[in-house]
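These notes concern the structure reproduced below.
Reckoned from all heavy atoms, side chains included, excluding hydrogens, waters and symmetry mates. Starting from 1, each residue takes its place in the sequence as its number.
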Amino acid sequence: MFKSVIWISKTYLIRDFEEMQPDLVLFTGDFGNENLELVQDVAALNFPKAVILGNHDSWSTQQFSSKKKDRVQLQLECLGQEHVGYKRLDFPLLKLSIVGGRPFSCGGQQIFRKRLLCARYGIQDMEGSAKRIYEAALGTPEDHLVILLAHNGPTGLGSELNDICGKDWVFGGGDHGDPDLAQAISHLKETTNVSIPLVVFGHMHKELAHGNGLRKMIAVGTDDIIYLNGAIVPRVKRSTNETSLQASNSDGTYRAFTLVEILNGQVNKISESWVSVVGNETTLEEEHILFKSNGQSSR
C-alpha cells in the first residue's frame with residue numbers, strides 16, 4: 001500500500017509532510033500569482049513529488065519572451081522533471097506513473113494563456129492538447145498504475161453548481177471542466193490497456209461562491225475511475241477560525257491535506273485530514289472520509 005498527499009497550498013511546513021509520512025506528494029497548482037519563491041521552496045522539498053502549475057502560476061505572463069526569462073520559465077526550470085504538464089513521471093518503486101494534463105488551465109471551453117501554451121508546448125487548440133496528454137501516457141510501464149494530475153478536472157462530471165467542476169458563480173451552474181482532459185481520458189480507455197484508477201486536480205474551490213454551500217469533492221465515473229478535487233481553500237486556518245495564508249511559521253494553526261491510500265492497484269481510501277500545528281508539535285485532529293473501497297463516497 002502507498003499513500004499520496006494531494007495538496008493545493010500557498011503555505012506549508014516540512015513537518016506537515018513528516019506527520020503524514022506520504023510516499024508521494026502531488027501538487028495541483030496555484031501557488032500564488034507567479035510566486036517563484038514558494039515554487040522554489042516546493043522544488044527543494046525532499047519528498048517524491050509531482051507538480052502541475054495552475055492559472056495563477058501564469059497570472060501575468062501571457063506569452064513567451066525570447067529576450068528574458070519570465071517568472072513562468074523560472075518556475076518551470078526550478079521544478080524540472082517534477083513538473084508533469086504534458087509529461088509522464090514514473091515512480092518504479094511505487095509501480096505508479098503520474099501523467100500531467102494541461103498546465104495553467106482556468107477551466108471551461110477556452111484555452112487560458114493560449115499564446116504561452118503555443119510557444120512553450122506547441123498547443124493551439126483543445127484537440128492538440130488532448131493529443132499531448134494522451135501521448136504522454138503511452139509507453140507507461142505495463143505494471144504501473146497511472147494517476148492523471150491536472151490543475152482542473154475534465155468535462156462530463158456534472159453541471160450543477162456544487163458538482164466537482166460545476167460553475168458556482170453564475171445562476172444555473174454549468175460544466176466548467178476541461179474538454180481536452182476528458183477527451184484524452186476517453187481515448188486512453190478506448191485504445192490502451194493503461195489502468196487509471198484516479199484523476200487528481202484542484203482549481204474549483206470546495207467552498208462555493210455567494211455562500212451556496214460546499215462542492216462535491218469526489219466523483220466516481222461509470223468506469224470506476226475516481227475523480228478527486230483537492231482545492232480546500234484556504235487550507236491553513238488559525239485555531240481561532242481566522243484564516244491565514246501567511247501562517248507557515250505561526251503557532252496555533254490547522255492545515256488541510258487530502259490523503260489517498262492505494263492498495264493492490266485500487267484506491268482504498270480518500271480522506272480530508274486536518275493537522276494542528278502548535279509550536280513544534282503537530283497532531284492529526286480531524287479525518288473526514290471522502291471515499292472507501294466499497295465504492296461509496298461520503299460526500
Side-chain angles (χ1 to χ4, degrees), residues 6-10 26-36 38-39 51-64 70-73 75-76 79 83-86 100-133 148-185 199-210 215 217 219 227-235 245:
I6 315 304
W7 180 32
I8 284 187
S9 174
K10 299 182 188 299
L26 304 181
F27 295 87
T28 58
D30 275 3
F31 296 100
N33 293 338
E34 300 191 18
N35 189 337
L36 175 61
L38 180 52
V39 172
V51 184
I52 191 158
L53 295 178
N55 56 299
H56 279 271
D57 303 313
S58 61
W59 193 245
S60 302
T61 303
Q62 299 188 26
Q63 58 185 342
F64 177 77
D70 55 59
R71 292 179 76 85
V72 171
Q73 178 66 23
Q75 290 176 88
L76 292 171
L79 291 170
H83 183 260
V84 295
Y86 295 130
R102 169 166 42 101
F104 318 127
S105 171
C106 201
Q109 298 294 318
Q110 302 299 317
I111 292 183
F112 184 71
R113 295 290 180 254
K114 183 175 180 179
R115 288 182 294 177
L116 184 63
L117 285 168
C118 182
R120 295 186 181 278
Y121 301 102
I123 300 302
Q124 300 191 32
D125 52 30
M126 287 291 183
E127 292 285 333
S129 180
K131 182 180 179 182
R132 285 291 301 273
I133 299 168
L148 284 165
L149 176 62
H151 180 60
N152 188 49
T155 53
L157 300 179
S159 58
E160 297 296 325
L161 60 87
N162 66 335
D163 279 326
I164 193 167
C165 295
K167 290 183 181 179
D168 56 306
W169 60 92
V170 294
F171 179 77
D175 189 340
H176 200 57
D178 286 350
D180 50 345
L181 183 58
Q183 183 178 336
I185 293 170
V199 179
V200 174
F201 49 91
H203 186 56
M204 305 293 283
H205 294 187
K206 178 179 179 180
E207 186 172 333
L208 301 178
H210 312 304
R215 183 177 305 282
M217 304 299 275
Y227 298 86
L228 172 60
N229 182 342
I232 303 168
V233 181
R235 65 160 287 268
L245 296 180

| field | Shortest non-hydrogen contact between W59 and E34, atoms and distance | value | N-OE2, 3.1 Å
| message | Tell me whether the count of non-hydrogen atoms from other residues, nucleotides or ligands lying under 6.0 Å of CD in Q124 goes above 12. | response | no
| field | Side-chain (R113) to main-chain (T61) donor-acceptor, under 3.5 angstrom | value | yes
| task | For H83 and L53, indicate whether the former's side chain and the latter's backbone hold a donor-acceptor pair under 3.5 Å. | result | yes
| query | What orientation do F27 and F31 show, parallel under 30°, tilted 30 to 60°, or perpendicular over 60°? | reply | tilted
| field | Spacing of L76 atom CG and D70 atom CG [to the nearest 0.5 Å] | value | 8.5 Å
| Heavy-atom check, side chain of V233 versus side chain of K206, under 4.5 Å | no
| request: Apply side chain to side chain contact (heavy atoms under 4.5 Å, CB included) to Y121 and S129, showing your working. | output: CA-CA 9 Å; Y121 301 102; S129 180; over 6 Å; no
| request: Taking the side chain as every heavy atom from C-beta outward, state whether R215 and M204 have any pair of such atoms under 4.5 Å apart. | output: yes
| Is a side-chain donor or acceptor of Q75 paired with a backbone partner of V39 at a separation under 3.5 angstrom? | no
| note | Interatomic distance, OG@S105 vs CD1@I111, rounded to 0.5 Å, equals 9.5 Å
| said: Strictly distance-based, threshold 3.5 Å: is any side-chain N or O of D180 a donor or acceptor partner for the main-chain N or O of R102? | reply: no
| Does N33 offer a backbone N or O that forms a donor-acceptor pair with the side chain of R71 under 3.5 Å? | no
| Considering all heavy atoms of both residues, which atom of H203 and which atom of H205 are nearest to each other, and what is their separation? | O-CD2, 3.2 Å
| query | Can any side-chain N or O of N35 pair as donor or acceptor with the backbone N or O of L38 at less than 3.5 Å? | reply | yes
| request: Decide side chain to side chain contact (heavy atoms under 4.5 Å, CB included) for L149 and T28; before the verdict, give the C-alpha distance in whole Å, the side-chain angles of both, and the deciding distance to 0.1 Å. | output: CA-CA 7 Å; L149 176 62; T28 58; 3.7 Å; yes
| query | Where do Q109 and M126 land on the side chain to side chain contact (heavy atoms under 4.5 Å, CB included) test, with the steps shown first? | reply | CA-CA 8 Å; Q109 298 294 318; M126 287 291 183; 5.6 Å; no
| Is there a donor-acceptor contact under 3.5 Å from the side chain of H210 to the main chain of V170? | no
| Test side chain to side chain contact (heavy atoms under 4.5 Å, CB included) applied to C165 and F201, step by step | CA-CA 10 Å; C165 295; F201 49 91; 3.7 Å; yes
| note | Closest non-hydrogen contact found for D57 with G32 is OD1-O, 3.4 Å
| request: Kindly give the heavy-atom pair with the smallest separation between G85 and P103, and that separation in Å. | output: CA-CD, 4.2 Å
| query | Can you name the nearest heavy-atom pair linking L181 to N152, along with the distance? | reply | CD2-O, 3.5 Å
| Is there a donor-acceptor pair under 3.5 Å between the side chain of D178 and the backbone N or O of P154? | no
| query | Can you check whether H151's main-chain N or O pairs, donor with acceptor, with N55's side chain at less than 3.5 Å? | reply | no
| task | Heavy atoms only: give me the nearest G177-P179 pair and the separation to one decimal. | result | O-CD, 3.4 Å
| note | dist F104:CZ -> I52:CD1 (nearest 0.5 Å) comes out at 8.5 Å
